[in-house]
Amino acid sequence: MAEMPKAYDPSAHEDAIRRRWEDSGYFTPEKLPGKRTESFTIVMPPPNVTGTLHMGHAVMLAVEDLMIRFERMRGKRALWIPGTDHAAIATQTKVEKLIMEKEKKTRHDLGREAFLKRVEAFAAESHDTIVNQVRMMGSSCDWSREAYTLDAARGESVNEAFQQLYDMGLLYRGDRVINWCPRCASTLADDEVEYKEGETTLYTFRYAKDFPIAIATTRPETKVGDTAVAVNPEDARYKKFIGQEIRVDFLGVPLTLKIVGHRAVDAGFGTGALGVTPAHSQVDEQIARENDLPALQVIGEDGTMTALAGAYAGLSVLEARKRIVADLKQVGLIEREETVGQNLSVCYRCGTPVEPLPKLQWFIAVNTHFPFAQSKRHPIQGIKDGQEVTLKEVMSHVVKTGQIKIVPERFEKTYFHWIDNLRDWCASRQIWFGHRIPVWYHSEKKGDDAYAVGAPPKGSGWQQDGDTLDTWFSSGLWTFSTLGWPDEKAKDLATYHPTSVLETGYDILFFWIARMILMSVALRGEVPFKEVYLHGLVRDEQGRKMSKSLGNIIDPLDMIAKFGTDAVRLSLVVGSTPGNDTRLSEEKVAGFRNFTNKLWNIGRYVLTTTSGETPDEPPAPKTLADRWILSRLAVTQEKVTALLGTHQFSAAGEALRDFTWSEYADWYLEISKGQKQDADPASTDAILRFSLATLLKLWHPFMPFVTEMLWKEMGEKELIMVADWPDHIGLEDVIAEREMQRVQDVVIAIRNVRSEHKINPKQEIEVNLAAGSERELFIQNAAAVSDLANACCVAFDDREKKAEEVAAVSGAVQIYVFLPTVGDEKSEAKLTARAEELERYIALIEGKLANEEFTGKAPPAVIEKEKQKRVTAAEELDKIRKQLG
RNA sequence: GGGCGGCUAGCUCAGUUGGUUAGAGCGUCACAUUGACAUUGUGAAGGUCAGAGGUUCGACUCCUCUGCCGCCCACCA
């Protein structure tokens with residue numbers, strides 16, 4: 001055995017351990033030892049190739065690796081697929097910015113091809129950084145299956161998905177008002193729009209002097225595109241106008257305005273009448289569609305007024321607003337001006353105000369019925385093959401019926417709410433970086449013949465769509481595009497899909513998780529995953545979001561360099577619960593560094609002071625302390641396994657830490673020092689080694705490096721990452737509960753002595769023995785106490801005599817006897833009162849005590865209902881009686 | 001406007017079917033220190049579980065209302 005330094009130095013070992021793992025090939029499930037029949041699959045949420053990893057990624061990696069290592073040790077075919085996301089708009093914008101800063105050029109200056117080359121070079125560099133960071137975290141993912149949302153294989157999946165959705169009638173091309181970013185020159189999905197609080201002026205005006213209704217608007221410039229005025233159908237003021245059509249000359253622009261009634265109009269806002277601009281507002285478009293009104297596009301893609309805007313054509317939106325307001329004032333049509341609060345829609349990328357525009361785009365239809373194509377292998381329960389459904393219905397159904405479980409559960413509500421309000425998903429983007437839309441247009445043909453979907457058609461005159469697909473289109477396919485789809489015969493697809501758990505931050509529940517569910521149910525007829533585990537966001541010490549501008553970013557790599565990977569992983573897992581944000585500070589990581597070192601020193605002590613083999617099975621306990629620690633180990637093992645199985649990672653870590661530190665290290669290791677002198681050293685060694693080995697295995701998923709290191713120090717040849725997860729240690733049967741209780745009583749008693757008398761373990765003390773039952777208890781426990789005698793100190797009143805007795809029983813060298821003072825009067829009185837209350841309660845529900853005699857409160861019906869609770873009340877009473885003696 | 005979450009020790013947070021005396025880490029204070037570990041050990045102090053009602057034999061836990069903080073969705077022309 002190599003010499004073990006006093007303090008664990010992670011940086012000295014982690015590289016070598018990482019290499020051993022990767023060289024072993026065990027990250028690839030097919031290469032794992034033993035026969036494995038059950039799969040456990042996680043697809044890694046692919047980080048964007050826009051830069052480097054942050055703490056959010058570190059949480060994701062720590063949690064996913066924890067699950068994967070746990071399941072791998074439990075004998076499953078554990079597969080974790082790594083990958084990266086091209087993040088279309090995000091990456092393109094970033095590169096555009098870089099080029100603008102350095103070379104003062106736009107993407108149009110470079111041209112599509114040259115620009116894309118630049119983006120790809122940037123993405124490749126970013127990819128390498130990310131992969132390196134993922135490896136640093138100790139992630140045991142299968143690199144041989146690494147994927148990228150924009151690589152060739154994923155391109156095939158995307159094209160196939162597009163084609164299939166189109167054939168199913170779920171993908172259509174439509175002219176609709178979309179969110180347009182004039183700066184990015186692209187559409188934005190509804191959830192890519194952000195809102196900025198601000199103030200604006202609300203103008204009340206009339207289209208013309210004789211127009212019967214005044215209109216309130218914050219966007220006068222769009223009014224040249226109005227085709228109707230909408231009022232609430234219940235509004236007494238305007239009811240009589242509904243149905244009329246009025247022609248006006250609005251500042252030189254001729255308008256035909258129909259007065260319509262619509263429930264969406266709030267009679268209390270402004271004048272209670274809304275100028276309907278079908279081309280530049282989604283709500284207005286809705287009103288227009290219901291009333292069959294025409295749409296006039298008065299704002300162009302470049303953010304300037306179109307020819308339809310009459311005299312205002314060519315002006316920017318803001319210019320036009322100024323001019324129109326000025327002109328209206330001049331002719332006296334403005335009736336009021338007031339400042340109102342407003343939520344301005346802006347592009348989530350560049351902050352430019354979003355301009356709603358009508359545009360030809362590709363949409364995924366979520367409300368259209370289609371015959372559901374069921375998966376043969378993993379059919380969705382509750383839907384028949386060929387049944388007419390909408391995507392929305394299925395997306396909702398799979399979560400409602402528990403076929404996909406979301407942890408924490410409360411996010412299911414949020415999910416349903418989102419689904420309910422979901423509109424058709426605009427999937428095309430006017431940017432260059434991304435999957436090009438697989439549609440070809442013919443310049444001369446017309447109607448349905450003018451375009452072809454899928455493979456490039458034969459013949460000349462065809463040109464591919466210049467747009468690309470929303471990045472979520474390709475990442476929506478992620479669970480199966482990484483497993484060989486569209487090749488239905490792909491072995492991976494059959495073995496690993498549906499995946500087991502999808503672990504990610506709650507912030508992309510809609511963006512990504514919902515899209516994966518959509519794609520998987522539509523294209524495969526099965527769920528993409530059985531469970532969704534959502535972790536919280538990592539914030540700084542003060543609870544702020546980490547951001548560059550605040551300068552409060554904690555870089556995972558810095559923390560790893562400073563405290564070691566194990567400490568970083570622990571600090572992200574322990575002390576945080578699913579779906580809740582956590583605060584991270586250096587002190588916290590330092591605390592876990594201390595624990596890593598503690599474990600190292602536990603290992604160091606055991607390895608340097610014991611000899612012999614490490615038993616595979618729990619050794620037979622020789623002393624009560626042995627039985628105590630082994631049974632505590634058994635209980636801990638069971639608890640940790642159960643908690644990990646239900647994704648309660650923090651609780652599992654805490655339980656393990658408490659046992660490791662407060663019981664195994666602080667007590668058993670101390671006891672063992674004395675025990676090895678007096679009792680059987682070989683037996684004690686065996687128990688020390690067995691417990692250590694078990695602990696290392698239990699800790700491995702949390703802190704893979706230090707456990708792997710110590711495992712090797714223990715002389716094990718095979719890696720701990722493929723060791724069998726500790727199973728039922730089975731000592732609960734051996735150890736009578738009463739006996740266990742006795743040992744624990746003694747341990748607690750000794751703690752009390754030490755605290756009361758402020759003694760060193762080796763100091764001799766004298767204490768008077770308390771009366772009665774306590775004395776009996778002590779004598780019963782004499783043998784147990786003697787086991788601990790060398791580590792602790794015990795005293796009796798007539799200590800010489802009792803010491804002899806005890807020494808005779810235990811063979812211990814020195815016995816100082818003591819009995820702890822337990823049970824203060826106050827708590828005993830409380831317990832007695834509680835017992836009485838319970839007795840009366842049980843009598844009541846058994847009918848032995850009349851209502852009035854009890855409290856006079858509970859009506860008979862309630863008592864009937866409460867009878868079933870009798871058992872728990874009786875149990876509690878039983879416990880209290882025991883305690884009171 | 002609609003929805004969700006949080007409010008528990010000085011700080012950060014646990015508390016999974018309502019049940020004895022509400023827990024941990026850090027911090028604070030006291031004591032210890034030839035020890036596998038000072039990246040240590042033993043203890044202590046510290047809580048009307050945001051507030052008010054209600055249900056119950058019993059509420060941190062379930063219901064209603066209120067207050068403050070945060071988040072999400074929609075969006076008002």
Side-chain angles (χ1 to χ4, degrees), chain A residues 4 6-8 190-191 195 202 215-219 222 230 264-266 268-277 281-284 340-343 345 408-411 413-414 417-418 420-421 506-507 509-510 537 541 543 563 567 574-577 579-585 587-588 590-609 646 648 650-651 654 657-658 665-666 669-670 673 751-752 754-756 758-761 824 826-827 830-831 834-835 837-838 840-842 844-845 854-855 857-858 862-863 866 869 872-873 875-877 879-880 883:
Chain A
M4 297 173 72
K6 275 181 132 182
Y8 175 63
D190 290 341
D191 41 28
Y195 298 91
L202 179 69
I215 304 287
T217 183
T218 55
R219 298 205 57 189
T222 63
V265 181
D266 175 4
F269 186 89
T271 61
L274 159 70
V276 180
T277 323
S281 155
Q282 294 187 356
V283 177
D284 294 9
V340 292
Q342 186 202 30
N343 265 337
S345 319
E409 212 175 343
R410 69 184 140 91
F411 281 97
K413 249 190 207 170
T414 324
H417 187 251
W418 186 79
D420 287 345
N421 294 314
Y506 64 79
D507 50 334
L509 181 63
F510 308 134
L537 271 38
E541 237 170 319
F563 301 110
V574 177
S576 66
T577 41
N580 293 327
D581 295 354
T582 51
R583 301 185 186 200
L584 185 72
S585 61
E587 289 77 57
K588 192 171 173 188
F592 285 104
R593 184 266 325 267
N594 295 357
F595 178 72
T596 313
N597 190 57
K598 183 74 186 181
L599 188 63
W600 171 259
N601 273 293
I602 289 169
R604 189 159 87 101
Y605 171 74
V606 172
L607 292 173
T608 51
T609 60
T646 50
Q648 298 179 75
S650 178
E654 282 177 57
R657 180 189 55 193
D658 292 347
D666 291 348
L669 252 52
E670 293 303 327
K673 289 173 187 172
R751 284 179 183 215
N752 289 343
R754 287 161 63 129
S755 106
E756 250 172 61
K758 303 210 158 68
I759 50 160
N760 296 330
D824 62 282
K826 217 171 145 193
S827 67
K830 247 185 182 175
L831 281 179
R834 178 84 182 125
E837 194 182 78
L838 284 168
R840 284 166 58 80
Y841 172 59
I842 289 168
L844 171 80
I845 52 187
F854 191 67
T855 54
K857 259 168 119 186
V862 174
I863 295 169
E866 292 293 309
K869 285 189 182 174
T872 51
E875 270 171 14
E876 191 195 341
L877 180 61
K879 267 192 195 169
I880 292 176
Q883 213 166 330

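Labels below follow one simple rule: chain letters A, B, ... track the order of the sequence lines, proteins then strands, and each chain is numbered from 1.
- The interatomic distance linking A:Trp418 (CH2) with B:rC4 (C1') rounds to 17 Å, in whole Å.
- Residue A:Lys413 is the one, among A:Lys413 and A:Asn580, whose nearest nucleotide of RNA chain B lies closer to the 5' end (criterion: closest heavy atom).
- Phosphate proximity of B:rA14 to A:Thr577: present, with a side-chain N or O under 4.0 Å from OP1 or OP2.
- The nearest whole Å value for the distance from the CG atom in A:Asn597 to the P atom in B:rG41 is 11 Å.
- Comparing A:Asp658 and A:Gly272 by the nucleotide of RNA chain B whose heavy atom lies nearest to each, the residue mapping closer to the 5' end is A:Asp658.
- Which of B:rC76, B:rG2, B:rC72 sits closest to the side chain of A:Phe510 comes down to B:rC72.
- For the P atoms, the distance linking B:rC7 with B:rC60 amounts to 14 Å, nearest Å.
- The interatomic distance linking A:Ile215 (CD1) with B:rC76 (P) rounds to 15 Å, in whole Å.
- By the 30° and 60° cut-offs, the orientation of the rings of A:Tyr8 relative to A:Trp600 is tilted.
- Nearest nucleotide to the A:Arg657 side chain, out of B:rG25, B:rA77, B:rC75: B:rG25.
- Looking only at distances, no side-chain donor or acceptor of A:Ser281 sits under 3.5 Å from a matching main-chain atom of A:Thr277.
- Side chain of A:Asn601 to main chain of A:Lys6: a donor-acceptor pair is present (N/O by atom type, distance under 3.5 Å, no hydrogens or angles).
- Comparing atom distances between the A:Ser281 side chain and each of B:rA36, B:rC76, B:rA77 picks out B:rC76 as nearest.
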For nucleotides 7-12 of chain B, list the nitrogen or oxygen atoms of the protein found under 3.5 Å from its nitrogen or oxygen atoms, one pair per line.
{"from": "B:rU12", "atom 1": "OP1", "to": "A:Arg583", "atom 2": "NH1", "distance (Å)": "3.4"}

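- Atom CG of A:Asn421 is separated from atom C1' of B:rG1 by 13 Å (rounded to the nearest Å).
- Straight-line distance between the P atoms of B:rC31 and B:rG35: roughly 23 Å, to the nearest whole Å.
- Rounded to an integer number of Å, the gap from A:Tyr506 OH to B:rC71 P is 9 Å.
- Proximity note for A:Asn594 (side chain, C-beta onward) versus B:rU39, B:rA77, B:rG2: the nearest is B:rU39.
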Intra- and inter-strand pairs of RNA chain B in dot-bracket (Watson-Crick or G-U wobble, both distances under 3.5 Å; | for another strand): (((((((..((((.....[...)))).(((((.......))))).....(((((..]....))))))))))))....
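- Spacing between atom CZ of A:Arg604 and atom C1' of B:rA36 amounts to 5 Å, rounded to whole angstrom units.
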Chi angles and distances behind the side chain to side chain contact (heavy atoms under 4.5 Å, CB included) call for A:Lys588, A:Arg583: CA-CA 9 Å; A:Lys588 192 171 173 188; A:Arg583 301 185 186 200; over 6 Å; no
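- Under the rule for a salt bridge (charged side-chain N to carboxylate O under 4.0 Å, His left out), the partners of A:Arg219 that lie at least two apart in sequence or sit in another chain are A:Glu221, A:Glu355.
- Closest to the side chain of A:Ile602, out of B:rU39, B:rC76, B:rA36, is B:rA36.
- A:Thr414 comes within 4.0 angstrom of nothing in the nucleic acid, heavy atoms only.
- Below the 3.5 angstrom threshold, one finds no donor paired with an acceptor across the side chain of A:Lys6 and the base of B:rC37.
- Smallest separation of non-hydrogen atoms from A:Gly270 and A:Ala216: CA-CB, 3.9 Å.
- Straight-line distance from the CZ atom of A:Phe595 to the P atom of B:rU40: 12 Å, rounded to whole Å.
- Residue A:Gln282 places its side chain closer to B:rC75 than to any other of B:rG41, B:rC75, B:rG15.
- The interatomic distance linking A:Phe563 (CZ) with B:rU39 (C1') rounds to 11 Å, in whole Å.
- A side-chain donor-acceptor contact under 3.5 Å links A:Asn421 to the backbone of A:His417.
- Applying the 4.0 Å criterion to OP1 and OP2 of B:rC37, one finds that A:Lys598 has every side-chain N and O outside that range.
- Smallest separation of non-hydrogen atoms from A:Ser650 and A:Ser576: CB-O, 3.4 Å.
- Taking both residues in full, the closest heavy atoms of A:Val265 and A:Gly272 are given as CG1-O, 3.5 Å, listed atom of the first, atom of the second, then distance.
- The A:Asp266 side chain lies nearest to B:rC76 when the options are B:rC37, B:rA24, B:rC76.
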Trace of the side chain to side chain contact (heavy atoms under 4.5 Å, CB included) decision for A:Phe592 with A:Arg657: CA-CA 10 Å; A:Phe592 285 104; A:Arg657 180 189 55 193; 4.1 Å; yes
